[in-house]
Amino acid sequence: MNQWIVFAILLPAVMAPVLVLAARHDIVLARVLSVAACAAQLALALGFFVSASSEPPQMYALGDWPAPFGIVLVLDRLSALMLLLSGALSLLVLLYAIGGWDARGRHFHALWQFQVMGINGAFLTGDFFNLFVFFEILLIASYGLMVHGGGRDRVGAGVQYVVVNLLGSTLFLIAVGLIYSVAGTLNMADLALKVPELAQGDRAILNTGALLLLMVFGVKAALVPLHFWLPGTYANAPAPVAALFAIMTKVGAYSIIRLYVLAFGAEAGASAWLAAPWLLPAALVTLVLGMAGVLGARSLGQLAAFSVIGSMGTLLIAVGLFSEQALGAGLYYLVHSTLAAAALFLVADLVSARRIVHGGQLDAGPAFADSGLLSAYFFVLAIAVCGMPPLSGFIGKLLILDSARSSALVAWIWSLVLGTSLLCIVGFARAGSTLFWRRHGVGDLPPPEQDVSSSGVLPMVSTGAILFALVMFTVFAGPATVWLDDTAAQVFQPGQYIDAVLGAGGINE
Amino acid sequence: MEFLLASAIGGLTTAGVYLLLRARTFSVVLGLALLSYATNVFLFAMGRLVTNAPPVISTLATDYTDPLPQALVLTAIVISFGMTAVVVVMALRSYLESDSDHIDGNGLAQAGEPGSVVLPVEVSEGGR
Amino acid sequence: MIDHALDFGLAAVSLALLLNLWSLFRGPTTMDRVLAVDTMVINVIALIVLFGIREGSMLYFEAALLFAMFGFVSTVAYCRFVLRGNIIE
Amino acid sequence: MSLLLIVLLPFIGALFPALMIRVGRNASAAAAFFATSLAFVLLMSHAPALFRGEVLQAGWEWLPGLGLNVNFLLDGLGFFFAALILGIGLLIIVYARYYLSKDDPVGVFYTYLLLFQGAMVGIVVSDNVLLLLIFWELTSLSSFLLIGYWKHLPEGRQGARMALAVTGAGGLAMIAGMLLIGDIAGSYDLSVILQRAESIQASPQYLPALVLILIGCFTKSAQFPFHFWLPHAMAAPTPVSAYLHSATMVKAGLFLMARMWPVLSGTEAWFYIVATTGLVTMTIGAFIALFKDDLKGLLAYSTVSHLGLVTMLFGFGTPMAATAAVFHVLNHATFKAALFMSAGIVDHEAGTRDVRRLGGLMHLMPVTATLAMVAGASMAGLPLLNGFLSKEMMLHEAASTAWLGQGWVLGTAATIAACFSVAYSFRFIAHVFMGPIRKDYPHHPHDPPLGMWIPPAVLVVLVVLIGLFPDTLAGPLVAMVARAVTGGQVLDYHLAQWHGFTPALGMSVVAIVVGTLLIRSYPRVRALWTAGPHPEAKRIFDGLITGAVDIAQRLTHGVHNGSMQRYLAVMLSAMLLLGYFVFASSPNAPGTRALMPASAVAVVGWVLLMGACLALVLMHQQRLLALVVVGVIGLIVSIGFVYLSAPDLALTQISVEVVTVILMLLALNFLPKRSPRESSTVRRLRDAGLAIAAGLGVGGAAWAVMTRDAETLSGYYLEQSVAGGGGSNVVNVILVDFRGFDTFGEIIVLGIAALTIFALLDGLMVSAAGRRLQSWRPDQARAADRHPMMLAVATRAMLPLALMVGIYIFLRGHNVPGGGFIAGLVVAVALIVQYMASGFGWAAHRMKVDYHALIGAGVLVAAATGLGALVAGFPFLTSTVWHLDLPLLGELHIASAMFFDTGVFLVVVGATMLALANLSRLGRHAEHLLVNREPMDVDPSRPSFAAGEH
Amino acid sequence: MNALLEVLVSALIVIGGVFLLVGSWGMLRLPELMSRLHAPTKATTLGVGSVLLGSIIWFARVDGVPSIHELLITLFLFLSAPITAHFLAKAYMHVHVDAETRLPRPGEHGWSTYDAAPGKGDEQVGEG
Amino acid sequence: MNDMHDAEGLQADPPRRWFPHPVLSALLVIVWLMLQNGFSLAHLVLGIFLGWGIPCLTASFWPSRPHVRSYRKALSYALLVIGDIIVANVVVARLILFSRPADLHTCWVSVPLDLHTPEAITLFAGTITMTPGTVSADLSADGRSLLVHCLNAPDPAQAVTDMKTRYEARIKEIFE
Ligand code: NA
Ligand code: NA
């Protein structure tokens, strides 16, 4: 048993109370500890990545109770990938946040660590009630982070965010209850074994539970019509928080991939590919609505938020195709869109903070500091987000389009993916040319010295680092896709996962 | 008994959803509270119903109910307690920030747009 | 005999609870309703104790104990709210 | 490697000006020039091999899984275009150095320009169509930057966006087309695709692929009806227009048609789509050009026309026509670039590009005039110049090709286009340079510095030389390119001024005569034009974009109107619909489980619960009452748990209930005490409908489940609880042992909740809301005594009792109902009651506990318990039971889970107290209340009280 | 002995039931809160006390030792009932009773619900 | 901030710091054994530990501990009250069941207090509430009168006298 697995959860879980205890009144210490924890987290994730690349899925039985009775954590290629992504993102965005955002309210770093804990837990757990618990952890931490710094609009949006998610949590419990009531288990691997053998008469309950669960994950993944929470939340959340939230939507996507391939996939008998007929059409609508939102956005925050919805649509198309090839493509797009969305929120913040009066509104304003570098950042991101060559967004879309060939909906997928790219391009071109080219008001004066928390070098550098990561992800697309295709292949062999959890070798090693 | 419980769950859900769809944060919080009752009882009912067979091991007991749903419900109760607390305080903060406890914001205008009207700070007058 | 007594007791408590529900509906003042709930809690304690006797189990005692401790707290909280607005000042 | 270097050099070159923005114009220009010339030299070094008919290839794997590889291919066609791009690029770099003013950010300009150059070179040497697509879209992006270079000009911004939208859209279509082609050919490598002409043309996917790829080509090459972006791109600085919009980028579409010619051409579809589009574009472009007063606008439409000409030639699908097309690309590049540069000089020197304000410049700037007039004559297709040669070839091909079976159509149309072409060229020459000198030029025009006229001069020399010695100078090149385009066909032709009296010559003569006449009677022609309708493409496009944005905004802001109620209603409806549909469409067998009889007490409980639900719905607007009623519901749920064998649940529910009530009351103090009735009846009915549907759904699901049997995991827990978990309360053993990890998460949720509440309230005090709170007035009357004596006294007596009960519940939890969570709430409530009774000031002073620390310590204790197992070599949270044999006291069992439960206990106490204590601060803050020193207001035993002191 | 205990327990249960019923009935029957208050504070408390006593004796019969912990519940109830009644009365008076017209005047100072204590002002600035 | 009280409550009387409330401790041990619902040596040891510990922890909540002069009188008072409660309930039950609400002589009376300590006053007020037809509703702002609501008191003055003689006098003996 890989003893390190649990530390992906424990490290932030212990660091957070330490931050509360020791560094509550000392922001410098809090920053040092928090960054150190995130760095350690990233190192750990790298270790997992290496380990998962060469080994079959690994299981960690908490409390030494065998599955399906105790809770297990499972590290396979997919979860290792997600952990690495979350580790890298949380570290980079945290560096941005310590440029000043973290000091605008209390307990930022503790909440940050808890948020990371929840995310990592959701990626590792092999038990779907435990998944509920980690969902709640990441959600409640996100509530705190979302309203960090306060303000009328932010708190108002925060209330809506919380209420929608509480409804989601309610549904989660109902779905878990329904599945447990007929399958009699909470362990995902065990469920995968039980689903095919379930009595025919119980299938209505099982399927209903499973698809309600899809809606729960759909809420997280901003799947239309469950996406309503996202625009207000992302557009109003503090920038580093919105950037970190980029991985939260992926928790929803990850859960869909995990559960509906493992337990409701090819071997699920009468419940095989249960999610497919629902997910794909919804994903297409999500894509359209998201990219239309990019075109219709009135502020940078909205632009970024809707681009997240659009990208989730694209990602879920790949997921909804439920094929190995499409999943490989989708995973590439997942990594890309997470990094791109995060950077976009940071750039939006850097710009808004410098446009003192106009903020993030998409209208002409006076010249502002650093507009040269920021326009370059914005341009690169626009390319990435819209899926224009040469960046990873293009490659991701190309991979997805390529993988959609065998789908019955291929014409829809191709025309909508490409058509919405145009909406995105036009939207970003309008936004960028208005923000960076149009000048209105006092233009020649240098902007007055301002107390923006995103001033200084660190935010610029950390944003640049994410962009650099995107570029590297493009350059090394070859090896990346090979790795991701292998990952998809592993996901599509549930036997490996099940053996790891329930196999003879797994119990009480 | 099963029918009573099922219909009770239905009643709680109905009242909860109705309140959830009201326009004020307070009603919404009440609705969520009812929904969480409904959910907890629902989850509990997934262990099927037995009376006087608590899952406490003893030599006298002849039968035990399924303990797992109970443990899950306990966790769910605690979590929804925490959530309720947060949403109540957040709703309060929101009310104090905007002087309105209407759950609907200004739509996307919340993103700090020119269109969003900033209401003058008003002071609610006491009834004394 | 004890069974009949328990039947009677349970019936009486049940009826009392229904009366409390009626009071809750009728009011007319808030304090009437709070009183109805407070009484309901006490009736529930009796119900639990009777149930414990019937089932011959002491596992329900703590529930009654907590009701006794906490029923009073929420009633006082409601009253404090009416009196002062702030229940903790 | 050399191929890669040719592509990379411009990109590398782009970096330097970007990094040297502060170094100055000359340095930037020099860096750009150096990089470009290096690439040019490298390219030329391959010329001998290419002229020998060799094809150079190089490749690196990038994304083999997809078939996207960095494969380059240099043949005659690629060489020809690359030479044009790099050669004219060099001239433009020099020209721009003098053209741009001191205020312009020159470094940025060269960066963009080289970025574009690299992308163009990439297009023409790509062997992989996906790679080609990447470079293709990069040209759209870099041209966006170049067109918008003068960002203060609104036309520049609009033009840039329009160009990006149109060419970007074409690029997207092309992605689909290329994916289709790749699928048919089984590879994305051109060298493979070009071998698969037959299978491609036979494929049912041929037509969609063709159309999609052509959309890409046509948008890029400004073919009708996508031509309109090009004139608007003229807002760019003239070097950009000269480079992108005459010589290179717009030719990318032509290049691709040439590149794919062997595979795609030769079918009817190809002929009718491409040739017709080209013909229409050629004619319309020439016609509109005649009436453009802006010099660059005139040249832009002329370009559109010439691009149409080339397109039409490719469309004919014959090798000879393709050869003519290639030759015209070369000729057009030379004269048009020269013309743009001349126009730029005129603009630069005279201060205007408006033809109506110019004239007579020949006398003031003779060098420029000469250059422009020679190039213009070539554009008109006058003999002895290169334009004449390729136009003759075009006319010949047009005259000899039938369209829909009609032989005359193409010839006639081409002649008409040629007439207009002559006319606008003459107008350019006559109305700008000839005539008398005017007095009203915005600036005083004179010939520009050497650096500015040398680049057009170089081109004009080429125009003349190619015109005079076509077979010598251009022959081998054209032959080589034509071979590449047509897939190696060797043709019998030669380039010459004189081919005898051919129909084409006659058509040329007609064109020159009619063109001259049109210019002589220009005012009348102009009047006719002015009288007619001018469907302006820009307005249509703007309308489209505005419409799209408008729809998008309406959709976006209409759907996301901020109404939480609507969001929830939609989400709920979706959940219900999906749930019902799935349930109804999956097999379901009714349950067979023996049901449990309902006792009378249970029925009463049911009545109470339903009554309370009803009361709540009816009374929810009176908020305090609503809270009271929710309390009743909690009460009944709790006894329900008692009745149904779940004592732990009952205890938890009871404790949580009271804390929730306190919390809600603390909040309600500041909220309105009533909810206004705002929803319409329809809305309420809709909500009620949704609510009932939800109730039926959830209740029905519960019924469906409860009435059937199932096998679960419970047997294991019941067996292992005592043996493995060391406790007989199975629920508690599950919580702290079997599924202790859930509980670990659960206490963290509580901790986070408290921290969040703390942060929210702490932030509130210093925010606008805090200031609002300062001026807040209570909306209900306040009783006079804050801390009545009886409560203070009674709670004091209860405190030790309650603590005792708390400890009792904690200690027994592992074996009988209870545990850390409930105990924590009991203790927290006992403490909260002290606050309520004796006041915050007095009570807080007596509880000097840092609740933050309590939360932190609790989580750490729980984690440490789990980690203890790790130290012993077991997984996290593995439990142990220690059996201690104590004298007198007997055997003592201590489960490690107890320590875990201690963590739970601490977190619960800390979180509850932190949340409630901080929430209570608001009230004192709002009412400016001072914290109390005394626990009760009325205390006759207090000396100070008796004295009535202050 | 056992039969006697059974009779005793049965009697206690019946008496308790009667008092509980009377308490709740009185609440409905009496005209105004102050009068209603008398019913549950006394009858209901005594009723539950009686039932608890029955329980103590009953478990003594079953297990051989009296189950004395029910006494604790009784203790809590008897401690809390007067406080509850006192507070309900105060809250009711605060909202619904006019001290000037309906209440006897205690002396120089009024009732504490309406009038501040004479020595008030011993609070201090700042948070605890 | 409240150093004055600390000085008063803790430092002035060092022995109390370590064993602040012997009687309370004893009570708590009994309560503990009651909670355990049985007796064992282990329970007793733990009970004694808690009986000592909890008062120590909560000592600051008892700044001036009530001084009971006679535990015997306290016990007899308790018995008296229990008896009265039973009687009171029968009386009230009869009123509820058999009298017409209109016939009830409800009234407010003000009971002047001879008691001074909060504990004594509270005990008195509590007793009044638990016994025949009376509910103590409020304390006067000067702490010298108790407002009592009588369900059926044809003679209010007599009711006041009854309360004072039957309960207040006895409480005074216990505490003061
Ligand atoms: Na728990
Ligand atoms: Na264990």
So for [X], is it side chain, backbone, both, or neither that comes closer than 4.5 Å to the heavy atoms of chain C?
X	result
E/V22	neither
E/H96	side chain
E/L37	both

Select, from [options], the one with the greatest count of heavy-atom pairs under 4.5 Å involving chain E.
options	value
C/L15, C/T29, C/V73, C/L66	C/T29
C/R80, C/R26, C/H4, C/M40	C/R26
C/S14, C/G9, C/A68	C/A68

Answer with side chain, backbone, both or neither: which region of [X] has an atom nearer than 4.5 Å to a non-hydrogen atom of chain E?
X	answer
C/S57	backbone
C/A36	both
C/F8	side chain

Give a yes or no on whether the backbone of [Y] and the side-chain of [X] come within a donor-acceptor separation of less than 3.5 Å.
X	Y	result
E/W111	E/P104	yes
E/T44	E/T41	no
E/R102	E/V97	no

Whether C/F61 and E/H69 hold their rings parallel, tilted or perpendicular, with breakpoints at 30° and 60°: parallel
Roughly how far apart are C/F67 CZ and C/L47 CG, rounded to 0.5 Å? 9.5 Å
Just give me the residue among [options] that pairs up with chain C most often, heavy atom to heavy atom, under 4.5 Å.
options	value
E/K90, E/E32, E/M27	E/M27
E/L72, E/V7, E/V95	E/V7
E/F87, E/Y92, E/W25	E/F87
E/V48, E/V9, E/T113	E/V48

C/L50, C/I48, C/V13 screened by side chain to side chain contact (heavy atoms under 4.5 Å, CB included) with E/V51, the one that passes: C/L50
Applying side-chain hydrogen bond (donor to acceptor under 3.5 Å, both in side chains) to C/T75 and not counting sequence neighbours gives C/D38
In sequence, state the C-alpha distance, the side-chain angles, and the governing distance for E/R36 and C/D32, and then conclude on salt bridge (Lys or Arg N to Asp or Glu O under 4.0 Å). CA-CA 8 Å; E/R36 286 180 195 145; C/D32 285 299; 2.5 Å; yes
C/N20 and C/S23: side-chain donor and acceptor closer than 3.5 Å? no
